[in-house]
*Asks:* 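Following this message is one structure expressed as structure tokens.
Model, not experiment: these values are computed from the prediction.
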Amino acid sequence: MKYIANVNGKRYEIELERVEEYRPMTREEVTAPAIAAAPVKVEVQAPVAPQPVNNTPAPQPVATAAAPVSGGASTVVAPLPGTILDIKVTPGTPVKTGQIVIIMEAMKMETEVVAATDGVVDTILVKKGDAVDTDATLITLK
């Protein structure tokens with residue numbers, strides 16, 4: 001079969017020849033490796049003496065018990081487990097829906113925790129460096 005192909009503005013005439021008759025591949029041919037892997041020799045090194053570990057205790061998660069919320073009040077909760085890096089508000093600060101109130105680190109990434117509703121910060125239940133669990137109450141709003 002002859003074909004004409006244009007590549008980067010140049011015209012080429014191509015002739016193709018079928019070497020063997022077409023047949024669909026079976027499922028085994030598709031999933032099986034075409035070439036068996038050759039055995040590989042691996043050298044095992046002698047075990048290394050363990051290095052001393054920093055014995056500072058890991059921060060304990062803050063209690064996740066929700067603070068009592070009075071009528072009309074709402075809370076800001078941790079979306080995932082992590083560590084509190086920064087608190088952007090103080091008690092008495094008015095906040096709007098979507099305003100960043102806390103920055104926490106979770107899975108080596110900073111996560112911005114925002115207020116779900118408008119309100120005024122009533123109490124802040126965590127401090128910088130605290131480890132918190134998912135759904136732990138961080139701030140209560142009036």
*Asks:* Starting from Leu80, walk the hydrophobic network (Ile, Leu, Val, Met, Phe, Trp, Tyr; side-chain heavy atoms closer than 4.5 Å) and list everyone else you reach, by chain and number.
*Replies:* Met107
*Asks:* Using atom types as modelled and distance alone, determine if a side-chain donor or acceptor of Thr83 lies under 3.5 Å from a backbone N or O of Gly129.
*Replies:* no
*Asks:* May I ask you to test the Leu138-Leu125 pair for a side-chain heavy-atom distance under 4.5 Å?
*Replies:* no
*Asks:* For Pro79 and Thr134, which heavy atoms make the closest approach, and how far apart are they?
*Replies:* O-CG2, 3.7 Å
*Asks:* Counting C-beta onward and ignoring hydrogens, is there a side-chain heavy-atom pair between Ile102 and Val126 closer than 4.5 Å?
*Replies:* yes
*Asks:* Against Asp86, only a single residue in Lys128, Glu105, Met104 fulfils side-chain contact (heavy atoms from CB on, under 4.5 Å); can you say which?
*Replies:* Lys128
*Asks:* Enter the distance from Ile87:CD1 to Ile124:CD1 here, rounded to the nearest 0.5 Å.
*Replies:* 5.5 Å
*Asks:* Can you list the residues that meet the salt bridge (charged side-chain N to carboxylate O under 4.0 Å, His left out) rule with Lys2, with sequence neighbours excluded?
*Replies:* Glu13
*Asks:* Can you find a heavy atom in the side chain of Leu141 that is under 4.5 Å from one in the side chain of Thr75?
*Replies:* no
*Asks:* Go through Asn6 and Arg11 one step at a time and tell me if the side-chain contact (heavy atoms from CB on, under 4.5 Å) criterion holds.
*Replies:* CA-CA 4 Å; Asn6 288 319; Arg11 189 178 176 126; 3.5 Å; yes
*Asks:* Do Val89 and Val95 touch side chain to side chain, with heavy atoms closer than 4.5 Å?
*Replies:* yes
*Asks:* Would you mind reporting whether Val7 and Tyr12 have side-chain heavy atoms less than 4.5 Å apart?
*Replies:* yes
*Asks:* Rounded to the nearest 0.5 Å, what's the gap from OG1 on Thr140 to CG on Asp122? Could you check?
*Replies:* 4.0 Å
*Asks:* Under 3.5 Å, which donor-acceptor pairs link side chains of residues 108-118 to any protein atom two or more places apart or in another chain?
*Replies:*
{"unit_1": "Thr117", "atom_1": "OG1", "unit_2": "Ser74", "atom_2": "OG", "d": "3.0"}
{"unit_1": "Asp118", "atom_1": "OD1", "unit_2": "Thr97", "atom_2": "N", "d": "2.6"}
{"unit_1": "Asp118", "atom_1": "OD1", "unit_2": "Thr97", "atom_2": "OG1", "d": "3.0"}

